[in-house]
Structures are given as C-alpha cells and as structure tokens.
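In what follows, a structure is listed as structure tokens, so that the remarks can point back to it.
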Amino acid sequence: MKLQKSFYLRENVVQVAKEVLGKTVHTCVNGYHTSAIITEVEAYSGRNDKACHANNGMRTKRTEIMYARGGVAYVYLCYGIHHLFNIVTNGRNKADAVLVRAVQPVEGIETMMKRRQKVEVDKSLCSGPGTLSQALGIHTREHYGLSLLSEHIWLEDAPCLKEHEIVTSTRVGVDYAEEDALKPWRFYIKDNPWISRK
DNA sequence: TCAACGATTCCT
DNA sequence: GGAATCGTTGAT
C-alpha cells in the first residue's frame, strides 16, 4: 500500500531517511510503469545544515517546494545534465528532504534499460542519483512539486530495516558545507550491490 | 545582464 | 584525471 502523508510529515528527517530504505518507489510516466527498491539515501535539513539547498532560510524559485508540507517531490537539475530526486519531509516551512541516491530495479526493467540506453542489467542502470532518475523517467519539469500520493510517482510501504542492516557514512559531494560535511547522514543497505559507491 | 558553479556521470 | 552542459544564484 502507498505510504501515507503521515510518514512524510514526521519531524526527524534522519529517521525518515533511514526508514525510506527498503521501500519501493514507483513511477508511471508516459504510460510506462517502473518500480525499484530504495537502497541508498541522504538526509538534508532545512535548519543548521550548510549542505542543504534551503539552509539558513534560503528561499528561491528552485528551493520553494522544500518549504511545502512533506510528501512531495523536489527535483532539480545538477551539472546541467542530471535530475536529482528528493522527498520533501516534515511540516510546512521546515525545508527538510531525503535525497534518493540509488535503487534496485524491480518492475519495468526493459523500460529502464531503454531510457538508460543499456543492453545489460547492472548497477550502472540506476545506482546513482542521476541515473536512477533517468531510469525512472523523472524529469524536473514534470515532477517538481508532484505529490508522492499521486498516480505519477509514489512510494509503497515495506518493513523497516534493522539497524544492523544499515550502513552509515558522510554525504557525497558536499565538501563545501564545512563542518556539516561531516554529518553522518548518508545511509545505505548493507551488502546490497545497488549502491552508488562504498 | 553576467559569470561562476554544482547533492554527477562517463570517457580517457 | 578531466570534460560535458545548463539552470540557478548572487553579484553587476
């Protein structure tokens, strides 16, 4: 069953990030249904986190959706090439989000391969924040601000992982965030090969 | 209006 | 190790 609004509205974005691991993300784009298990995530906090786009009340056209109530998608273009998919959490004006960094394909694998121009199934298909968005057909213009209880994109519930099944590390690519770059807010499923990097 | 840069990926 | 590539951002 679809994860409900209450899942996303909780206050502790780190806790929500951990619980997102093992859940399944579904998209239905141009009539093609795809789904994949979320294997790697990072937490970003709207308060006291220099790595977050919405840090220090930073409010622009791009970050605006982070200030909405949890349960919507924050998608943005990175390096002019890659769409990165985030899950907005917490209540209005909190600006917390969970970045999905890697997934394990489940349904619609042929569709994912076509979108990624791959002829074999391996981790290059969707183990990375940019590649998974491409595999799932997530595009900035279509998915920015979209409800995660919509028919286009949603998460399906699954049992939470045990602590010993989760590996914790610092976040990737946020060296500019000074002391906040040290926050242990990246989480991935232990022994799962569908990870962006070790 | 303009220049710099980035929560990355892929090729050499 | 370095290029690709462009929307967002903050400063002119």
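This is a predicted model, so every value here is computed, not measured. Letters A, B, ... are given to chains in the order of the sequence lines, protein chains preceding strands, and every chain is numbered from 1.
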In whole angstrom, what separates [X]'s [atom1] from [N]'s [atom2]?
{"X": "Asp180(A)", "N": "dA7(B)", "atom1": "CG", "atom2": "C1'", "answer": "14 Å"}
{"X": "Ile138(A)", "N": "dA7(B)", "atom1": "CD1", "atom2": "C1'", "answer": "15 Å"}
{"X": "Asn56(A)", "N": "dT9(C)", "atom1": "CG", "atom2": "P", "answer": "15 Å"}
{"X": "Leu99(A)", "N": "dG6(B)", "atom1": "CG", "atom2": "C1'", "answer": "13 Å"}
{"X": "Gln117(A)", "N": "dC11(B)", "atom1": "CD", "atom2": "P", "answer": "11 Å"}
{"X": "Asn55(A)", "N": "dG10(C)", "atom1": "CG", "atom2": "P", "answer": "12 Å"}
{"X": "Leu125(A)", "N": "dC10(B)", "atom1": "CG", "atom2": "P", "answer": "11 Å"}
{"X": "Met58(A)", "N": "dA11(C)", "atom1": "CE", "atom2": "C1'", "answer": "13 Å"}

Next on the checklist: Only pairs with both distances under 3.5 Å count, Watson-Crick or wobble alike; so what is the partner of dC11(B) in this structure?
Outcome noted: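 The base-pairing partner of dC11(B), which may sit in any strand shown, is dG1(C).
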Is any NZ, NE, NH1 or NH2 atom of the basic residue among [X] and [Y] found under 4.0 Å from an Asp or Glu carboxylate oxygen of the other?
{"X": "Lys18(A)", "Y": "Glu163(A)", "value": "yes"}
{"X": "Arg186(A)", "Y": "Glu40(A)", "value": "yes"}
{"X": "Arg10(A)", "Y": "Asp96(A)", "value": "no"}

Ignoring backbone atoms, establish whether [X] has a side-chain N or O less than 4.0 Å from OP1 or OP2 of [N].
{"X": "Thr60(A)", "N": "dT9(C)", "answer": "yes"}
{"X": "Arg101(A)", "N": "dA7(B)", "answer": "no"}
{"X": "Arg116(A)", "N": "dC10(B)", "answer": "yes"}

Item to check | Candidates dC10(B), dT8(C), dA7(B) - which lies nearest the side chain of Tyr176(A) | outcome: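 Minimum distance to the Tyr176(A) side chain belongs to dA7(B).
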Item to check | Geometric cation-pi criterion, Lys2(A) with Trp154(A): 6.0 Å, 45° | outcome: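 Yes, a cation-pi geometry.
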Item to check | Stepwise side-chain contact (heavy atoms from CB on, under 4.5 Å) check, Lys118(A) with Ser124(A) | outcome: CA-CA 9 Å; Lys118(A) 295 282 179 183; Ser124(A) 72; 3.2 Å; yes
Name the nucleic acid region contacted by [X], choosing base, sugar-phosphate or nothing; use a 4.0 angstrom heavy-atom cut-off, strictly under.
{"X": "Arg141(A)", "value": "nothing"}
{"X": "Ser196(A)", "value": "nothing"}
{"X": "Arg171(A)", "value": "nothing"}

Checklist entry - Hey, can you pull the residues of residues 73-98 of chain A with a non-hydrogen atom under 4.0 angstrom from DNA chain C? => result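 Within this stretch, Leu77(A), Tyr79(A), Gly80(A), Ile81(A) sit under 4.0 Å of the strand.
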Checklist entry - Do Tyr144(A) and His139(A) make the cut of ring centroids closer than 6.0 angstrom? => result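 No, the ring of Tyr144(A) stays outside the 6.0 Å limit from the ring of His139(A), centre to centre.
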Checklist entry - Less than 6.0 Å separating the ring centroids of His33(A) and His26(A)? => result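 Between His26(A) and His33(A), which both carry aromatic rings, the centre distance is below 6.0 Å.
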